[in-house]
Amino acid sequence: MINPGKSFPLGATVTAEGVNFSVYSKNGAVAELLLFDDAEDAQPARVIAFDPVENRTFHFWHMFVPDLKPGQVYAYRIHGPKAPQVGHRFDADKVLLDPYGRAVVVPESYSREAASRPGDNAATAMRSVVVDPSVYDWEGDAPLKRSFTRTVIYEMHVGGFTRHPSSGLSPELRGTYAGLVAKIPYLQELGITAVELLPVFQFDEQEAPQGLTNYWGYNPVSFFAPHSAYSSRQGPLGVLDEFRDMVKALHRAGIEVILDVVYNHTAESDHSGPTLCFKGLENSAYYILEDGGARYANYSGTGNTLNANQSIVRRLILDSLRYWVEEMHVDGFRFDLASILSRDEEGQPLANPPVIWDIETDPVLAGTKLIAEAWDAAGLYQVGTFVGDRWKEWNGQFRDDVRNFLRGDNATVTKMAARFLASPDLYAHEEREPEQSINFVTCHDGFTLNDVVSYERKHNEANKEGNRDGHNHNLSRNYGVEGPTDDPEIERVRVQQIKNFFTITLLALGVPMLLMGDEVRRTQRGNNNAYCQDNEISWFDWTLVEKNSDLHRFVKHLIRFRLGLSIYQEGRGLSLVRLLRESGLRWHGVKLDWPDWGYHSHSLAFSVWGRRGRFHLMLNAYWKPLEFELPPLAEDAPSAWRRVIDTALESPDDICPWTEAPVVDASTYKVQARSVVLLIAARGPS
C-alpha cells in the first residue's frame with residue numbers, strides 16, 4: 001500500500017519494503033510519479049499522483065511505494081503556473097528527471113528537440129533509475145589522500161582515451177570506464193599520480209551543432225549519475241559498478257581520481273532550451289534570473305547559470321559532492337567556472353560565498369582535493385583571490401606567460417621567473433603553500449601542445465560555426481609552416497619546444513598538470529574548441545606512442561625525476577614566502593648574479609641550494625645559442641655539476657638519470673637556441 005513516505009532523504013531511497021521518493025518543488029500545484037516497466041517504453045506503466053495534503057511537507061513532495069526494487073525506471077511531472085515573466089516555466093507535458101537520481105537511462109528515441117517544443121515528450125525523454133548504492137564490494141578501497149606535493153595531474157577524457165581503433169581494445173571496451181582500466185599500465189609507466197577526468201556526470205550528447213555530438217560533457221542533466229554512454233555493461237546499474245571498478249583499479253595502481261565537475265549551469269540552456277529537470281521542477285530556485293525572472297542570467301556562456309547560493313541548490317551541490325566521495329570513492333574535484341559559485345542570487349560577487357565555505361568546511365570533504373577554475377564567462381577573474389583556505393587554482397597566467405616566453409616575446413622574463421616560483425605575485429599575499437598554483441600550459445580547452453608549436457591560427461571549421469567559435473588568443477608559433485610538415489628543421493624546433501614546455505611545467509614550484517596525449521604529440525589539427533568532435537580529432541591515437549617514443553621517454557623520465565627530487569619535499573608545510581626565503585635562491589643571466597630583467601631579454605638562470613644538493617637551471621628562449629657562466633662549487637661540494645636535462649640534445653642524451661648524467665667541469669655552458677638545461681650537484685640520486 002502506498003503511504004505518505006518521508007521528505008528526507010531527497011531522491012529515491014531503497015528499503016527492504018520498497019522505495020521512498022522525495023522531490024523539491026515550491027510552486028508546483030500538482031506532482032506525479034511516473035513508473036516505467038522498461039527504459040524504452042513510450043509511456044509509463046503507472047502514474048501515481050502525490051496528494052497535496054498527505055504527500056507534501058513544506059515544499060517537498062514525497063511518497064513511499066512498496067515492493068519496488070533497484071532498477072525501477074521513474075520520472076516526474078509537475079503541474080504549475082506558466083508565467084515566464086516571473087520565472088515560472090512549469091510544463092505538465094514534460095517528463096522530468098529526479099535531481100537526486102543516482103542513475104539515468106537515455107532511450108534510443110531520446111530527443112532534445114521534443115523537450116524544447118510544446119507537447120508531450122514521454123516517449124522521447126530521459127528517465128531516472130532507482131539505485132541502491134550500498135550494494136557494492138569495495139574490497140577495502142578508500143581515497144588515497146596523497147599530498148599535493150607528490151601529485152602530477154593528467155587531464156583526460158574517459159571516452160577519447162581509448163575510443164580510437166588503434167587502442168587495441170575490443171569495440172565494446174573502447175571509450176568506456178573499463179577501457180580506461182585496461183590502459184592503466186600506460187598511466188603507471190608514464191608516472192602520473194592523478195587523473196582529472198573531464199565531466200562524467202550524465203550529460204546531453206545532443207547539445208551540439210547539427211550532425212555533431214557533445215563530446216566534452218560540460219552540460220550536465222544530473223549531478224549524481226555517471227554518464228551511461230561510457231559504460232560497456234548493459235543496464236543502468238552496471239554503469240555504477242563499472243565506474244566504481246575503474247576507481248578501485250586506479251587506486252590499486254596508486255592513481256587518484258579527480259572529477260571535473262560542472263555546478264555552474266545545466267544542459268537546459270535558456271528560454272529556448274529543453275525542459276529536462278530543474279526548469280520544470282522549480283525554475284526560479286535553480287537558476288539565476290533577470291528582469292524579474294523573465295530572462296536567464298548567462299555567466300556561464302551556455303545560456304543559464306545555476307543559483308548556487310540559493311538554499312536548495314547549495315544543498316544539492318553539497319549532497320552531490322558527498323555522494324561522489326562516500327559512495328564512489330573519488331579523491332577530489334576540479335570546479336568548472338568556479339567563480340560562478342561566488343555569485344549571489346542577483347548575480348553579484350560575494351565576499352564570503354556560502355556554498356564555497358560549505359564545501360571548504362564540510363567534514364566529509366575534508367580530505368579531498370579542491371581545485372577551482374577561478375573565472376567565469378562573464379569576466380569575473382579570481383586567480384590569486386579565490387575565496388577559501390584550501391582551494392587550489394588553475395593558474396591561467398602560468399599558461400600564458402610560459403607560452404609568451406618560449407615563443408620569444410619581449411617583456412616576459414620577469415613573468416617567467418614568477419611563474420617558475422609558484423607565482424608569488426599572485427599568491428604570496430595569502431601566505432599559502434606553493435601548491436596553491438596548478439601549473440599547466442595546455443588543457444582540454446584550446447590547442448594541444450603539439451598544436452601550440454604547429455599552428456598560429458585556430459582551424460575550427462569542423463565545428464560548423466564558420467570558425468567563429470574558440471578564442472583567438474592562442475600565443476602559439478608554427479615555426480615556418482602552418483600545420484604538419486616534413487621539414488626536418490621545423491620538426492626539430494617543434495619537438496625541442498615541446499620538451500621545453502614539459503620541463504618548465506614539471507620543474508616549476510606548484511602542482512603540474514598535463515593534457516592527455518601531449519606526451520606523444522596528439523594533435524587536434526589546429527582545432528582549439530573540439531567540444532563537439534567525438535572523432536579522431538579528439539581521440540588519443542595510440543600509434544603516436546611508438547611514432548614519438550623519444551618524446552614519450554623524455555616525459556616519462558621527467559615525471560620520475562620531479563617526483564624523486566627532495567627539493568619539492570623540503571618545503572612541505574611552508575608558505576610560499578617562507579620557502580623562497582629559505583631556499584638560497586640566486587638569480588643569474590648569462591653572467592652570474594647579473595639577471596637581465598630588461599624588455600628585450602630572453603634568457604634567465606637561477607640556482608637553488610637544497611639540503612641535499614644544488615640545482616641550477618638555465619633557460620634560453622632566444623633564437624641563438626648563449627654561453628652561461630656556471631656557479632662555482634666549493635671544494636667540499638658533494639659532487640661536480642652533472643647535466644641531467646638539455647632539451648636541445650637528441651634522445652637519450654636530452655634527459656639522463658642522475659647517476660648516469662655526464663659531469664660538467666667547465667666554468668660555462670653553451671645553452672642552444674630555444675632550449676632549457678638543468679644541472680645538479682647532489683649528495684646522491686635523490
Side-chain angles (χ1 to χ4, degrees), residues 87 89 99 112 116 198-209 214-223 259-279 282-291 293-310 312-314 316-317 320-321 333-350 353-356 359 371-383 386-387 391 393-394 396 443-446 463 465 468-471 528-532:
R89 295 182 181 271
R112 180 178 175 85
S116 304
L198 265 66
V200 296
F201 293 179
Q202 184 70 44
F203 60 87
D204 186 359
E205 295 185 353
Q206 291 185 11
E207 189 182 11
N214 192 295
Y215 171 72
W216 284 352
Y218 288 93
N219 56 338
V221 299
S222 170
F223 298 111
L259 301 186
D260 193 336
V261 291
V262 185
Y263 293 115
N264 60 76
H265 73 280
T266 76
E268 291 185 308
S269 191
D270 57 17
H271 65 280
S272 64
T275 299
L276 305 171
C277 177
F278 310 98
K279 223 182 236 188
E282 196 60 57
N283 184 67
S284 61
Y286 283 107
Y287 297 111
I288 298 178
L289 304 178
E290 300 173 337
D291 294 343
R295 195 162 56 90
Y296 290 91
N298 187 20
Y299 303 115
S300 66
T302 63
N304 64 52
T305 305
L306 271 179
N307 196 359
N309 284 294
Q310 197 273 352
I312 194 68
V313 185
R314 280 170 60 193
L316 174 73
I317 292 171
S320 168
L321 291 168
F333 306 94
R334 176 266 186 187
F335 291 76
D336 178 63
L337 299 181
S339 290
I340 284 177
L341 301 182
S342 72
R343 293 184 181 271
D344 65 15
E345 296 186 49
E346 303 299 323
Q348 297 302 308
L350 290 162
V355 71
I356 291 178
I359 296 168
I371 302 171
E373 183 184 36
W375 56 82
D376 68 20
L380 184 56
Y381 191 80
Q382 298 176 316
V383 173
F386 195 78
V387 176
W391 291 77
E393 300 173 21
W394 266 27
C443 64
H444 67 278
D445 188 5
N463 296 355
E465 297 181 41
R468 294 184 301 273
D469 63 303
H471 54 79
N528 73 353
N529 187 35
Y531 78 100
C532 57

**Q.** side-chain contact (heavy atoms from CB on, under 4.5 Å) partners for S320, two or more places apart
**A.** F201, F223, F224, Y263, W324

Q: Indicate the atoms forming the closest heavy-atom contact of A372 with A338, along with that distance.
A: CB-CB, 3.7 Å

**Q.** Side-chain heavy-atom pair N214, C532 within 4.5 angstrom cut-off
**A.** no

Q: Could you tell me whether the side chain of L198 reaches within less than 4.5 Å of the side chain of Y215, counting heavy atoms only?
A: no

Q: Check salt bridge (Lys or Arg N to Asp or Glu O under 4.0 Å) between R334 and all other residues, then give those that pass, not counting sequence neighbours.
A: D260, D336, E373

Q) Which pair of heavy atoms, one from V313 and one from A308, lies closest together, and at what distance? A) CG1-CA, 3.8 Å

Q. Can you name the residues that form a side chain to side chain donor-acceptor pair (under 3.5 Å) with Y531, not counting sequence neighbours?
A. E465

Q: Please check if any side-chain donor atom of E268 sits under 3.5 Å from a side-chain acceptor atom of Y287, or the reverse.
A: yes

Q. Under a 4.5 Å cut-off applied to non-hydrogen side-chain atoms, are Y286 and C277 in contact?
A. no

Q.
Does either side chain, that of S269 or that of Y296, offer a donor lying less than 3.5 Å from an acceptor on the other one?
A. no

Q: Measure the CG-CD1 distance between L380 and I340 for me, rounded to the nearest 0.5 Å.
A: 9.0 Å

(Q) Test of understanding: with side-chain contact (heavy atoms from CB on, under 4.5 Å), list the residues that count as partners of N309, not counting sequence neighbours. (A) R314, L350, P353, P354, V355

Q. For P99 and L316, which heavy atoms make the closest approach, and how far apart are they?
A. O-CD1, 3.8 Å

Q | Pairwise distance OH(Y218) to CG(N264) - rounded to 0.5 angstrom | A | 10.0 Å

Q) Among all residues two or more places apart in sequence or in another chain, which pass the ring pair (Phe, Tyr, Trp, His ring centres under 6.0 Å) test with F386? A) W391

Q: May I have the step-by-step check of side-chain contact (heavy atoms from CB on, under 4.5 Å) for V387 and S342, ending in yes or no?
A: CA-CA 8 Å; V387 176; S342 72; 5.6 Å; no

**Q.** Side-chain H-bond candidate by donor/acceptor type, N529 with D469, under 3.5 Å
**A.** yes

**Q.** Euclidean distance, N304 CG relative to I288 CD1, rounded to 0.5 Å
**A.** 10.0 Å

Q. So how far is it from S222 OG to F203 CZ, rounded to the nearest 0.5 Å?
A. 12.5 Å

(Q) For a 4.5 angstrom cut-off between non-hydrogen side-chain atoms, does H265 reach T305? (A) no

Q) Who are the salt bridge (Lys or Arg N to Asp or Glu O under 4.0 Å) partners of E393, not counting sequence neighbours? A) none

Q | Partners meeting salt bridge (Lys or Arg N to Asp or Glu O under 4.0 Å) with E207 (sequence neighbours left out) | A | R112

Q. Which is it for V221 and T266 under the side-chain contact (heavy atoms from CB on, under 4.5 Å) test, yes or no, and what are the steps along the way?
A. CA-CA 6 Å; V221 299; T266 76; over 6 Å; no

Q | Test item: T302 and N219 side chains (from C-beta on) under 4.5 Å apart, heavy atoms | A | no

Q.
Could you work out, with side-chain contact (heavy atoms from CB on, under 4.5 Å) as the rule, every residue matching A378, not counting sequence neighbours?
A. Y299, R343, D376

Q.
Pair H271, R89 - check side-chain contact (heavy atoms from CB on, under 4.5 Å), show working.
A. CA-CA 9 Å; H271 65 280; R89 295 182 181 271; 3.7 Å; yes

Q: Keeping the roles fixed (side chain from Q310, backbone from I312), state whether a donor-acceptor pair exists under 3.5 Å.
A: yes

**Q.** Contact check, side chains of P209 and N463, non-hydrogen atoms, under 4.5 Å
**A.** no

(Q) Checking Q202 now: which residues fulfil side chain to side chain donor-acceptor pair (under 3.5 Å) with it, not counting sequence neighbours? (A) H227, S228

Q: Output the distance between atom OG1 (T275) and atom CG (N283), rounded to the nearest 0.5 Å.
A: 8.0 Å

Q: Could you pull out all residues at least two apart from D291 that satisfy salt bridge (Lys or Arg N to Asp or Glu O under 4.0 Å)?
A: R295

Q. Side chains of W375 and Q382: does their closest heavy-atom pair fall under 4.5 Å?
A. no

Q) Which residues pass the side chain to side chain donor-acceptor pair (under 3.5 Å) test with Q206, sequence neighbours left out? A) none

Q. In chain order, what residues pass the side chain to side chain donor-acceptor pair (under 3.5 Å) check against S284, with sequence neighbours excluded?
A. E282

Q: May I have the step-by-step check of side-chain contact (heavy atoms from CB on, under 4.5 Å) for F333 and I371, ending in yes or no?
A: CA-CA 6 Å; F333 306 94; I371 302 171; over 6 Å; no

**Q.** Check: W216 and D445 side chains under 4.5 Å, non-hydrogen atoms
**A.** yes

